[in-house]
Amino acid sequence: MSEAIIQVNHLSKVFGKNTVLKDIDFEVHPQDVTSIIGPSGSGKSTLLRCINLLEEPTGGAILYHGTDITDRKVDVPGYRSKVGMVFQNFNLFNNHTVLGNCMVGQIKVLKKSREEARKKAMFYLEKVGMAEYINAKPRQISGGQKQRVAIARALAMEPEVLLFDEPTSALDPQMVGEVLEVMRQLVKEGLTMIIVTHEMAFAKDVSRRVIFMRDGVIQEEGTPQQIFDHPTNEMTKDFLSRFRQA
Amino acid sequence: MPSTFFGRIAYLIELYGPSFLRGAWYSLVIAIVGTFIGCVIGLIVGIIKTIPVSKKDSTAKRVFLAVVKAILSAYVEIFRGTPMMAQAMLIYYGAAALFNFNMSMWFAAFFIVSINTGAYMAETVRGGIISIDPGQTEGAKAIGMTHYQTMISVIMPQALRNIMPQIGNNLIINIKDTCVLSTIGVVELFYATKSVAGALYTYFEAFSIAMVIYFVMTFACSRLLRLLENKMDGPDNYDLATTDTLTHTSGMYPFKKREAENE
């Protein structure tokens with residue numbers, strides 16, 4: 001097995017008196033697609049935000065190619081530019097056009113020229129099917145379109161890993177379809193992804209590994225077949241049975 | 001001296017028109033320059049006051065930031081909390097008495113208005129920055145932008161747009177409040193009007209003229225700023241970028257125009 005890109009060791013996160021994450025351990029290897037499922041409030045999003053350092057972990061370590069990024073001396077912006085993130089609420093820059101959203105990071109962070117940045121941005125916007133809308137402002141396009149632009153924005157940075165924080169939770173069923181379609185395409189191309197999601201069918205379909213979390217703890221992890229077809233943990237069984245009924 | 005009210009007004013304008021205009025011009029220039037410099041001060045102070053401090057920062061950086069923020073807070077509180085007229089007297093005469101520094105009247109005027117506006121704008125800018133959805137900051141951080149880059153490329157352009165009405169407010173307040181500078185001898189509109197009124201004992205008429213001039217200046221400024229706001233918002237429609245020659249690329253036609261075409 002190849003060397004891990006990200007290694008989470010004994011990670012914990014405490015908000016005040018609230019322990020949100022307890023002793024989390026897992027690894028992400030190149031081209032892995034890892035889905036994190038579990039009930040709301042189980043700490044899935046917090047875990048993802050810790051990996052991108054949007055939340056500061058309280059304890060434990062997150063190793064990126066062997067370097068602990070929770071260390072004080074680490075260049076956090078530099079690290080973040082290699083680990084992209086797609087948010088539930090898109091978080092597109094409202095003052096930039098669709099094209100601008102995909103260019104600004106390349107120009108400011110990667111110090112690319114405008115032409116280079118534009119070329120790359122167009123390449124990825126085409127990939128997500130948003131090339132026609134380059135002149136639109138975020139407020140002028142639909143939720144599904146926004147999320148596809150957000151994915152293109154993250155891809156334009158050419159990250160090693162892309163984190164998805166419930167990318168379809170704010171969308172209606174049709175838009176969910178168009179975003180999942182784009183994500184499926186990325187899986188096929190071998191992008192390394194960590195996906196927090198409530199789309200069970202999608203998770204089962206595309207993941208190489210599934211992590212089930214509850215109460216801030218990884219309760220069970222394994223291949224999609226293990227988790228979805230033969231769960232051993234009672235909590236996993238209980239959680240998945242609710243989805244089957246629905 | 002004419003016997004009717006309007007007759008006397010016409011007489012005053014004929015006689016002292018240039019005095020009024022010069023006074024109005026001084027008021028306007030002091031207000032515009034003061035508001036502009038004040039906005040710059042406010043931007044800088046507002047940005048510094050919103051720099052986040054994390055536990056990962058070194059102790060030296062945290063102490064330094066805390067001291068700077070405390071000084072800036074003191075500046076804001078003191079200048080917001082005392083009357084501009086008293087500040088004008090204190091600074092203009094105090095500089096001469098304490099430091100033997102004789103400010104020119106113009107320098108004093110710009111200085112006092114700027115520093116006052118700066119104190120108000122600092123809070124306005126801070127409000128503008130914290131009003132922007134934290135998701136915007138997270139989006140920028142997630143692609144590796146530093147705090148500074150995030151501020152310049154993402155947060156400030158949006159915050160500035162949101163505080164435009166307040167900048168307009170400040171400009172209008174400054175046009176009117178330049179009259180307190182008459183206490184240190186700046187011949188702006190209020191001073192000029194008082195001189196004219198006193199010369200012929202025509203207070204009602206002279207100040208009627210001044211009121212109209214003040215209103216015209218403030219109203220013109222408020223409309224101009226509204227135009228600027230609309231320009232900042234950009235067009236409501238966008239052009240599709242497509243190579244399909246059969247598609248209309250220029251957004252939507254306004255509904256009314258189409259109706260007219262059908263007739």
Side-chain angles (χ1 to χ4, degrees), chain A residues 49 52-56 70-110 122 125 130-141 150 153-154 156-157 159 162-163 165, chain B residues 52-62 128-129 131-164 229 231-252:
Chain A
R49 292 166 61 83
N52 206 4
L53 291 180
L54 287 173
E55 302 288 352
E56 227 172 288
T70 57
D71 191 79
R72 211 183 250 203
K73 294 178 199 90
V74 167
D75 166 29
V76 175
Y79 162 73
R80 285 199 186 114
S81 72
K82 291 176 198 129
V83 178
M85 180 133 174
V86 173
F87 299 88
Q88 182 177 355
N89 298 316
F90 329 125
N91 293 346
L92 289 180
F93 307 138
N94 295 325
N95 58 321
H96 289 281
T97 60
V98 164
L99 183 62
N101 264 281
C102 299
M103 283 171 65
V104 65
Q106 297 184 67
I107 294 170
K108 300 278 171 184
V109 180
L110 304 180
M122 287 308 297
L125 281 168
M130 287 299 293
E132 289 186 3
Y133 297 89
I134 49 173
N135 298 321
K137 287 277 180 75
R139 66 183 147 90
Q140 294 165 322
I141 56 179
R153 174 177 74 179
M157 301 297 289
L162 200 45
L163 314 175
D165 186 8
Chain B
V53 188
S54 86
K55 281 179 201 149
K56 282 180 80 181
D57 292 327
S58 65
T59 321
K61 186 182 167 191
R62 278 155 68 184
I129 290 172
S131 76
I132 303 298
D133 173 19
Q136 297 282 309
T137 311
E138 290 188 350
K141 279 186 176 170
I143 55 172
M145 286 196 186
T146 61
H147 176 71
Y148 176 75
Q149 288 168 338
T150 306
M151 274 291 163
I152 297 295
S153 314
V154 179
I155 306 300
M156 283 319 290
Q158 296 182 52
L160 262 183
R161 167 63 191 88
N162 288 353
I163 62 174
M164 274 306 284
E229 273 180 44
K231 213 178 153 199
M232 285 171 90
D233 285 341
D236 284 337
N237 279 323
Y238 57 90
D239 289 345
L240 278 180
T242 170
T243 46
D244 184 352
T245 48
L246 291 176
T247 337
H248 289 295
T249 54
S250 47
M252 289 172 289

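What you see is a predicted model, and the numbers here were worked out from it, not measured in a lab. Naming: A, B, ... by sequence-line order, numbering from 1 per chain.
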Beyond-backbone contact of A/Val104 with B/Gln149, side-chain heavy atoms, under 4.5 angstrom: no
Side-chain heavy atoms of A/Arg49 within contact of B/Glu138, under 4.5 Å: yes
Least distance between heavy atoms, [X] atom then [Y] atom:
{"X": "A/Lys108", "Y": "B/Ser153", "value": "CE-OG, 3.3 Å"}
{"X": "B/Ile143", "Y": "A/Val109", "value": "O-CG2, 3.7 Å"}
{"X": "A/Met85", "Y": "B/Ala142", "value": "CB-CB, 3.9 Å"}

Set of salt bridge (Lys or Arg N to Asp or Glu O under 4.0 Å) partners for B/Lys61, sequence neighbours left out: B/Asp57
Side-chain (B/Gln136) to main-chain (A/Leu92) donor-acceptor, under 3.5 angstrom: yes
Max heavy-atom pair count under 4.5 Å with chain B, selected residue of A/Asn94, A/Ile134, A/Asn101, A/Asn89: A/Asn94
Greatest number of heavy atom pairs closer than 4.5 Å to chain B - which of A/Val83, A/Asn95, A/Asn135: A/Asn95
Interface residues of residues 156-163 of chain B facing chain A - non-hydrogen atoms under 4.5 Å apart: B/Pro157, B/Gln158
Nearest-0.5 Å distance, CD1 of residue B/Ile132 to CZ of residue A/Phe93: 12.5 Å
Spatial distance of atom CG (B/Asp233) from atom NZ (A/Lys137) [nearest 0.5 Å]: 8.0 Å
Heavy-atom contact with chain B under 4.5 Å, split by part of A/Ala136: both
